[in-house]
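Below is one structure, written out as structure tokens, with a few remarks after it.
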Amino acid sequence: MDRTTNYTAAGTFYEEVGEGDQVIVLCHGVGLDHTMWDRQVTALAPYFRVVRYDMFGHGRTAARPDVTAIGDFVAQLKELLDSLEISKLTLVGLSMGGIIAQGFAANSHERLDKLILMTTVYRRTEAELEGVRKRLKITVDEGLEPVADLAVERWFDDAFRQANPDVVTRIKNRLVSNDLAAYATAYGIFVEADREIGAALKQVRCPTLVMAGELDPGSTPGMAYRMAADLRDAHVVILSGLRHMAPLEDPAQVNRVLLEFLGID
């Protein structure tokens with residue numbers, strides 16, 4: 001299947017594959033890039049036009065000094081959609097990508113067919129913010145290596161790390177290869193995003209799938225139900241045995257849930 005890669009006028013790298021009438025756009029998590037969605041693209045592209053991209057300061061998209069808030073990442077997404085003349089879409093966001101999706105949905109809900117929020121956060125309590133604030137301090141004080149080690153320990157259990165060392169190594173290499181300043185900026189925006197997003201999901205009108213890993217210590221099942229309480233049309237799926245990086249831990253389970261929600265038997 002043909003793939004198109006290019007940059008928008010604002011410098012956003014994107015990849016486009018598939019020829020379906022419906023468009024799906026995939027937003028990755030902080031410190032990662034568009035490649036985290038490889039297994040989902042394989043499942044979705046036979047049915048949909050799939051677009052994935054790199055956020056500012058990630059992957060093949062350069063950092064920008066004027067990016068200081070989640071709203072700047074939302075504006076990046078809007079510029080991408082406008083450059084590709086996409087007026088209606090299903091938007092999928094994981095972790096920080098899920099926060100960007102929330103910001104987009106709050107102000108552009110009329111452009112959404114469906115919304116999919118995967119292992120992300122919403123209206124965090126001070127206790128829930130404590131861990132991410134500590135990890136931001138570690139990043140600033142000690143660099144990327146220690147925070148990458150902490151990430152793979154949280155994101156993958158011992159059994160997965162032992163059985164899939166190639167996946168774990170690839171993710172860790174992606175994390176440590178980030179520009180430190182750009183990563184710290186993006187992570188800081190992720191940490192404090194709740195102030196900007198607020199109760200954004202109360203503005204969402206479209207059917208929304210909320211996915212959480214059963215064992216995710218940060219984007220918990222409880223948080224998924226918190227999102228559902230603010231949504232008009234929510235469907236919550238707790239992914240059995242999974243943590244934060246569900247699309248890589250068990251792509252078959254994740255893809256089954258995605259395709260069912262999207263109406264593909």
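Here, residue 1 is the first one in the sequence, and each next residue gets the next number.
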Across all chains, not counting sequence neighbours, the ring-ring contact (aromatic ring centres under 6.0 Å, His included) partners of Phe56 are none
For residues Leu80 and Val51, determine if any side-chain heavy atom of one lies less than 4.5 Å from a side-chain heavy atom of the other.
yes
In the structure I gave you, are the side-chain heavy atoms of Met55 and Thr61 within less than 4.5 Å of one another anywhere?
no
Do NZ/NE/NH1/NH2 and the carboxylate oxygens of Arg52 and Asp38 come within less than 4.0 Å?
yes
How far apart are the C-alpha atoms of His109 and Phe104, what are their side-chain angles, what is the distance that settles it, and do they pass the side chain to side chain contact (heavy atoms under 4.5 Å, CB included) test?
CA-CA 7 Å; His109 58 81; Phe104 179 89; over 6 Å; no
Summary of ring pair (Phe, Tyr, Trp, His ring centres under 6.0 Å) pairs that have at least one residue in residues 14-45, sequence neighbours excluded
Phe13-His34, His28-His58
CE (Met245) and CG (Asp216) are apart, to the nearest 0.5 Å, by 10.5 Å
What ring pair (Phe, Tyr, Trp, His ring centres under 6.0 Å) pairs are there with at least one residue in residues 227-246, not counting sequence neighbours?
Trp155-His244
Pairs in or reaching into residues 64-77: which pass salt bridge (Lys or Arg N to Asp or Glu O under 4.0 Å), with residues at least two apart or in two chains?
Arg64-Asp66
Could you see if Met36 belongs to whatever hydrophobic cluster contains Val176? Use Ile, Leu, Val, Met, Phe, Trp, Tyr and a side-chain cutoff under 4.5 Å.
no
Out of curiosity, Gln76 CD to Ile70 CD1, how far, rounded to the nearest 0.5 Å?
11.0 Å
Identify the two heavy atoms, one from Gly31 and one from Asn178, that lie closest to each other, and give their separation to 0.1 Å.
O-ND2, 2.9 Å
Taking the side chain as every heavy atom from C-beta outward, state whether Leu112 and Thr90 have any atom pair closer than 4.5 Å.
no
Side chains of Gln22 and Asp113: do they bring a donor and an acceptor to under 3.5 Å?
no
With side chain to side chain contact (heavy atoms under 4.5 Å, CB included) as the test, would you mind laying out the steps for Lys88 and Val23 before giving the verdict?
CA-CA 7 Å; Lys88 294 285 285 188; Val23 179; over 6 Å; no
Does Lys172 pair with Glu145 as a salt bridge, N-O distance under 4.0 Å?
yes
Side chain Glu196, main chain Gly71, donor-acceptor under 3.5 Å:
yes
Please check if the side chain of Arg243 supplies one atom and the backbone of Glu153 the other of a donor-acceptor pair under 3.5 Å.
yes
Could you pull out the closest heavy-atom pair between Ser219 and Val121, with the gap in Å?
OG-CG1, 3.6 Å
State the OH-CG distance between Tyr53 and Asp33, to the nearest 0.5 angstrom.
12.5 Å
Val140 and Ala184: which non-hydrogen atoms are nearest, and at how many Å?
CG2-CB, 4.5 Å
What is the minimum heavy-atom distance between Pro251 and Leu248, and which atoms define it?
CD-O, 3.6 Å
For the residue pair Leu115 and Ala101, what are the closest heavy atoms and their distance?
CD1-CB, 3.9 Å
Given 3.5 Å as the limit, does a donor-acceptor pair link the side chain of Thr120 with the main chain of Ser95, or not?
yes
Would you tabulate the side-chain donor-acceptor contacts of residues 198-210 under 3.5 Å, counting partners in other chains and residues two or more places apart, or write 'none'?
from, atom 1, to, atom 2, distance (Å)
Arg205, NH1, Gln203, O, 2.6
Thr208, OG1, Cys206, O, 3.1

Would you say that Ile24 contacts Tyr47 through its side chain, given a criterion of any heavy-atom pair below 4.5 Å between the two side chains?
no
Among residues at least two apart in sequence or on other chains, which ones pass side chain to side chain donor-acceptor pair (under 3.5 Å) with Asp166?
none
Taking side chain to side chain donor-acceptor pair (under 3.5 Å) as the definition, give me every residue that meets it alongside Asp250, ordered by chain and number, with sequence neighbours left out.
Gln253
How long is the straight-line distance from CD of Glu214 back to OG1 of Thr220, given to the nearest 0.5 Å?
12.5 Å
Which residues pass the salt bridge (charged side-chain N to carboxylate O under 4.0 Å, His left out) test with Glu249, not counting sequence neighbours?
none
Any residue meeting side chain to side chain donor-acceptor pair (under 3.5 Å) with Asp82, in chain and number order, not counting sequence neighbours
Arg111
Determine whether Asp54 and Thr12 make a side-chain contact, defined as any pair of heavy atoms from C-beta on separated by less than 4.5 Å.
no
Can you spot which of Leu77, Val50, Val92 makes a side chain to side chain contact (heavy atoms under 4.5 Å, CB included) with Val25?
Leu77
Hey, does Asn255 have a side-chain heavy atom less than 4.5 Å from the side chain of Val257?
no
Linked, directly or transitively: Ile99 and Leu136 (ILVMFWY side chains, under 4.5 Å):
yes
Show the nearest heavy-atom pair for residues Pro247 and Met118, with the distance to one decimal.
CG-SD, 3.4 Å
Counting only pairs under 3.5 Å, give me each side-chain donor-acceptor contact of residues 186-194, with atom names and distances, residues two or more places apart or in other chains.
from, atom 1, to, atom 2, distance (Å)
Tyr187, OH, Arg135, NE, 3.3
Glu192, OE1, Arg133, NH2, 3.2
Glu192, OE1, Arg195, NE, 3.4
Glu192, OE1, Arg195, NH2, 3.3
Glu192, OE2, Arg133, NE, 3.2
Asp194, OD1, Arg124, NE, 2.8
Asp194, OD1, Arg124, NH2, 2.3
Asp194, OD2, Arg123, N, 3.1
Asp194, OD2, Arg124, N, 2.8
Asp194, OD2, Arg124, NE, 3.4

With a 4.5 Å limit on heavy-atom distance, are the side chains of Asp21 and Phe48 in contact?
no
Sequence neighbours excluded, the answer for ring-ring contact (aromatic ring centres under 6.0 Å, His included) partners of Tyr225 is none
Rounded to the nearest 0.5 Å, how far does CG of Leu175 lie from CG of Leu144?
8.0 Å
When clusters are formed by joining ILVMFWY residues with side-chain heavy atoms under 4.5 Å apart, either directly or through shared neighbours, do Val41 and Val167 land in the same one?
yes
Are Glu79 and Thr8 linked by a side-chain donor-acceptor pair shorter than 3.5 Å?
yes
Taking only residues two or more places apart in sequence or in another chain, which ones pass side chain to side chain donor-acceptor pair (under 3.5 Å) with Glu130?
Lys134
Distance (rounded to the nearest 0.5 Å) between Cys27 SG and Leu117 CG:
10.0 Å
Linking I/L/V/M/F/W/Y whenever their side-chain heavy atoms sit closer than 4.5 Å, directly or via other members, would Ile116 and Leu259 fall into one cluster?
yes
Is there side-chain contact between Leu89 and Leu81, with heavy atoms separated by less than 4.5 Å?
yes
Connected via hydrophobic side-chain network under 4.5 Å: Met227 and Val132:
yes
Test side chain to side chain contact (heavy atoms under 4.5 Å, CB included) on Glu15 and Thr4; report intermediate values, then the result.
CA-CA 6 Å; Glu15 178 190 89; Thr4 299; over 6 Å; no
Counting only N and O atoms by type, is there a donor-acceptor contact under 3.5 Å from the side chain of Tyr7 to the main-chain atoms of Arg60?
yes
Salt bridge present between Glu16 and Arg3 (N-O < 4.0 angstrom)
no
